[in-house]
Amino acid sequence: MWKLKLAGLSETEQALIRSIVRLSKDLESSWQVVDQGACDVVLCGTHGPAMVMPGVLRIRVAEPGEHSTEHMHDVLERPIRAERLIRLLCQSAAALTQGRASSTPSSTPSISSPVVAETPAPRAMHGSLHQVASIGRWPPQVVLAKNREFIRLAVVLARASLSVTELSRLSGVPMETCISFLDALEERSLVRWGGAEDAIPPPPSHLQESTEHRHFGSGLLGSIRRALGI
Amino acid sequence: MKEYKILFSGTPGAGKTTAIGAVSEIPPVVTDVPNTDPGYAKAYTTVGLDYGQLTLDTGDCLRLFGTPGQARFDFLWRILGRNALGLIILLDNSRPNPLADLEIYINGFGEALRSMPCVIGVGRHDQGNTALDDYGLWLMERNMILPVLPVDVRRRADVVLLIDVLLAELEFHIRKGECSHVE
Ligand SMILES: Nc1nc2c(ncn2[C@@H]2O[C@H](COP(=O)(O)OP(=O)(O)O)[C@@H](O)[C@H]2O)c(=O)[nH]1
Ligand SMILES: [Mg+2]
């Protein structure tokens with residue numbers, strides 16, 4: 001079990017990272033987010049520590065373009081994307097394994113060292129993001145509150161089994177929100193996870209473009225929404 | 001000009017007339033008469049149809065129909081339901097057994113619910129002994145997942161949210177090619 005410490009990140013980002021680690025079935029079994037004590041990787045924001053213990057990997061969370069002096073591979077760009085975080089953690093695990101097997105304790109392994117960069121992330125870890133979620137009942141009010149985005153996600157999931165990525169694409173709701181929605185459901189054991197074969201087939205392409213937006217730009221639904229002022 | 005319709009059904013007194021009035025651009029056309037049924041706490045009740053409308057910027061027209069609430073009119077519900085974009089079922093949580101009320105409408109619309117988007121709005125949700133989540137559980141036991149939202153029909157925003165959710169469902173129906181009468 002690898003230990004991940006978060007430093008200098010906002011509450012929202014911390015919650016998001018914890019959710020991604022918990023939701024990604026494979027990260028969940030190999031990674032643990034710790035608040036104190038020893039760790040293997042530190043994810044740090046602008047106010048995080050400049051130095052870390054030898055043997056500990058540091059990943060910087062940074063605004064796009066802010067990281068010109070750093071190794072690209074050691075940077076997680078904002079906004080935090082689940083796929084990117086998962087890939088970085090997989091690469092970190094591979095780097096740590098290699099580093100500990102082959103080097104002296106004082107040398108710090110680097111994620112971006114050529115040998116590691118070529119190591120593909122384990123398939124299952126990418127696969128977990130493509131697992132499809134479905135629900136068996138309308139979510140309880142404590143989850144939905146009066147959150148329009150959550151309600152919209154529930155409407156979509158009530159009719160289809162989708163991966164987090166597809167759910168975000170089809171609903172037009174940001175990935176982060178989809179993850180916290182699924183996380184809230186998962187906490188209450190209200191999500192079923194299935195393989196990719198359980199997913200609904202992609203919609204016909206001529207409609208795809210318009211459904212990627214929150215509203216139909218034109219067409220009937222858009223005109224009704226405009227008439228209602230939404 | 002094309003015409004589309006959204007149907008409001010549900011328990012007498014739950015707020016069909018009020019909800020249609022909240023969003024219609026014309027004063028709702030109402031056919032209420034004095035209530036003779038002591039089971040419903042209101043002086044007037046809908047026996048015929050409620051009607052309201054919205055003109056769309058495409059020049060098309062969205063008609064809002066309120067069905068008679070009483071179960072003896074269920075033949076009318078199905079006729080009105082034909083080709084509707086969707087159905088909003090309004091329930092009154094302060095009634096003695098609102099889940100039994102829900103059953104009346106679920107059964108009454110029957111097969112139509114398979115192809116027609118439907119949203120359930122629960123009024124007076126702070127009253128009565130039925131929790132909002134009980135509606136979702138009741139539906140789950142029947143293998144159905146329908147959106148259940150608390151609503152105060154006197155608030156336009158609540159009514160708009162119900163329609164918005166209905167449209168979100170419709171978006172999905174259209175994508176899956178289930179909605180042949182749209183566009
Ligand atoms: N106090 C209160 N009144 C409500 C609430 N919801 C609806 N009403 C009232 O209940 C009545 C509903 O009547 P109406 O719209 O004619 O119901 P219909 O028979 O379904 O058409 C209206 O007078 C509403 O103002 C609520 O949550 N609280
Ligand atoms: Mg009425």
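Most heavy-atom pairs under 4.5 Å with chain A: of the set A131(B), G136(B), A168(B), this distinction falls to A168(B). With respect to chain A, the highest number of heavy-atom pairs below 4.5 Å among D57(B), L54(B), L62(B), V23(B) belongs to D57(B).
Heavy atoms closer than 4.5 Å to chain B are found in both the backbone and the side chain of A158(A). At a 4.5 Å heavy-atom cutoff, D134(B) makes no contact with chain A through either its backbone or its side chain. With a 4.5 Å cut-off on non-hydrogen atoms, I151(A) touches chain B through its side chain but not through its backbone. Only the side chain of I163(B) comes within contact range of chain A, with heavy atoms under 4.5 Å apart.
Classification of E171(B) and R159(A) as a salt-bridged pair fails, no side-chain N sitting under 4.0 Å from a carboxylate O. Taking 4.0 Å as the cut-off between side-chain N and carboxylate O, R148(A) and D164(B) count as a salt-bridged pair.
Contact record, P150(B) with Q141(A): CD-OE1, 3.7 Å, taken as the closest heavy-atom pair. Nearest approach of A227(A) to T55(B), heavy atoms of both residues: CB-O, 4.2 Å. Shortest non-hydrogen contact noted between I145(B) and I135(A) is CD1-O, 3.1 Å.
Considering only heavy atoms from C-beta on, L85(B) comes within 4.5 Å of L220(A) through its side chain.
The environment of K5(B) atom NZ is dense: over 12 non-hydrogen atoms of other residues, nucleotides or ligands sit within 6.0 angstrom. In the displayed structure, E141(B) atom CD is contacted under 6.0 Å by more than 12 heavy atoms of other residues, nucleotides or ligands.
If you take CG on L144(A) and CG on L149(B), they are separated by 7.5 Å, rounding to the nearest 0.5 Å. Note that the OG1 atom of T58(B) and the CD1 atom of I224(A) stand 8.5 Å from one another [nearest 0.5 Å].
Here the options are L137(B), N143(B), L139(B), the test is side-chain contact (heavy atoms from CB on, under 4.5 Å), and the partner is R137(A); only L137(B) passes.
For the pair W138(A) (side chain) and V148(B) (backbone), a donor-acceptor distance under 3.5 Å is present.
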